[in-house]
Amino acid sequence: MVKVSQVSENIIKIHMKIGITISAWVVKHENGSIIIDTGIRPMAPRILKEAARFGRVQMILLTHGHPDHVGGLAYIQEKVNAPVYIHGLEVPYITGEKPYPNRKKPTDYTKGFSVKQLPGDSRGVFHSMMGIDPYFTPGHSPGHTAYYHKKDDVLITGDMITSKNGRIGPPMKQFTANMDRAMRSTKTIQKVAPGKLSICHGEDLQYSQHLYSAFVNEYQSKV
Ligand SMILES: [Zn+2]
Ligand SMILES: [Zn+2]
């Protein structure tokens with residue numbers, strides 16, 4: 001069953017439990033709505049319905065191209081035809097050009113719709129988009145990106161981390177391309193120091209220095 005939770009004033013989380021929890025987000029903006037990740041296909045109609053409450057979908061941002069994040073993309077795009085942004089390194093994996101590291105088969109999740117690279121400068125710093133700052137957090141996947149909503153002070157982590165019992169956990173090992181790199185990317189959490197962490201696979205967490213330190217201590221050798 002698909003469920004909806006309020007993350008903050010302008011952000012809602014659409015989630016579904018199939019063994020693990022899978023989440024996607026809808027952000028309310030003065031010009032309409034923004035979808036962040038598209039979950040698996042059964043979640044797509046609900047994501048669209050929630051987005052429609054805030055007005056026309058202005059853009060779709062993707063944290064990365066794993067199937068549980070882009071499974072609803074083609075369905076949603078068919079209805080809204082909004083610009084889709086993802087880190088340039090992820091593009092060949094979602095257009096079916098090549099398989100993810102350690103995967104056998106490439107898959108085209110875009111079904112012919114175009115995807116754009118997140119705009120940034122030559123040093124790889126992304127431009128802020130409609131009040132959302134993308135942060136390059138590679139490791140779980142080569143071009144993994146987290147999104148920080150400035151006004152609500154929420155960091156949407158995607159799969160950079162997981163959470164369990166009120167604690168931060170590392171990304172899911174079996175789906176993580178480079179765990180050392182993924183662990184280094186978690187420093188973004190401390191750098192941004194948001195009010196809240198909204199996590200795809202797990203419950204959301206109030207950020208504190210202690211929360212992050214506890215995670216580092218537990219997995220120290222890897223951060
Ligand atoms: Zn993933
Ligand atoms: Zn995932």
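Just follow the structure's listing: the first ligand is 1, and inside any ligand the first atom is 1.
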D159: which N/O/S atom is nearest the Zn ion (ligand 1)?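 Of the nitrogen, oxygen and sulfur atoms in D159, the Zn ion (ligand 1) lies nearest to OD2.
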
Is H66 close enough that one of its N/O/S atoms sits under 2.8 Å from the Zn ion (ligand 1)?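 Yes - counting backbone and side chain alike, H66 has an N, O or S atom under 2.8 Å.
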
The Zn ion (ligand 2) and H69: any N/O/S contact shorter than 2.8 Å? yes

Looking at F126 versus H87, is the centre-to-centre ring distance below 6.0 Å?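 Under 6.0 Å, so yes.
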
Of all N/O/S atoms in D68, the name of the one nearest the Zn ion (ligand 2): OD2

Cation-pi, Y148 ring and K150 (6.0 angstrom, 45 degrees): no

Could you please compute the angle at the Zn ion (ligand 1) from NE2 of H64 to NE2 of H140, rounded to 10°?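 Taking the Zn ion (ligand 1) as the apex, I get 100° for this pair.
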
Name of the residue among H69, H66, H140 meeting ring pair (Phe, Tyr, Trp, His ring centres under 6.0 Å) with Y100: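 Filter result, single survivor: H66.
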
Atom pair OG1/CG of T38 and L61 - distance to nearest 0.5 Å: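 Between atom OG1 of T38 and atom CG of L61 there are 11.5 Å.
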
Are any of the side-chain heavy atoms of E218 and P170 separated by less than 4.5 Å?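 Counting from C-beta outward, E218 and P170 never come under 4.5 Å.
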
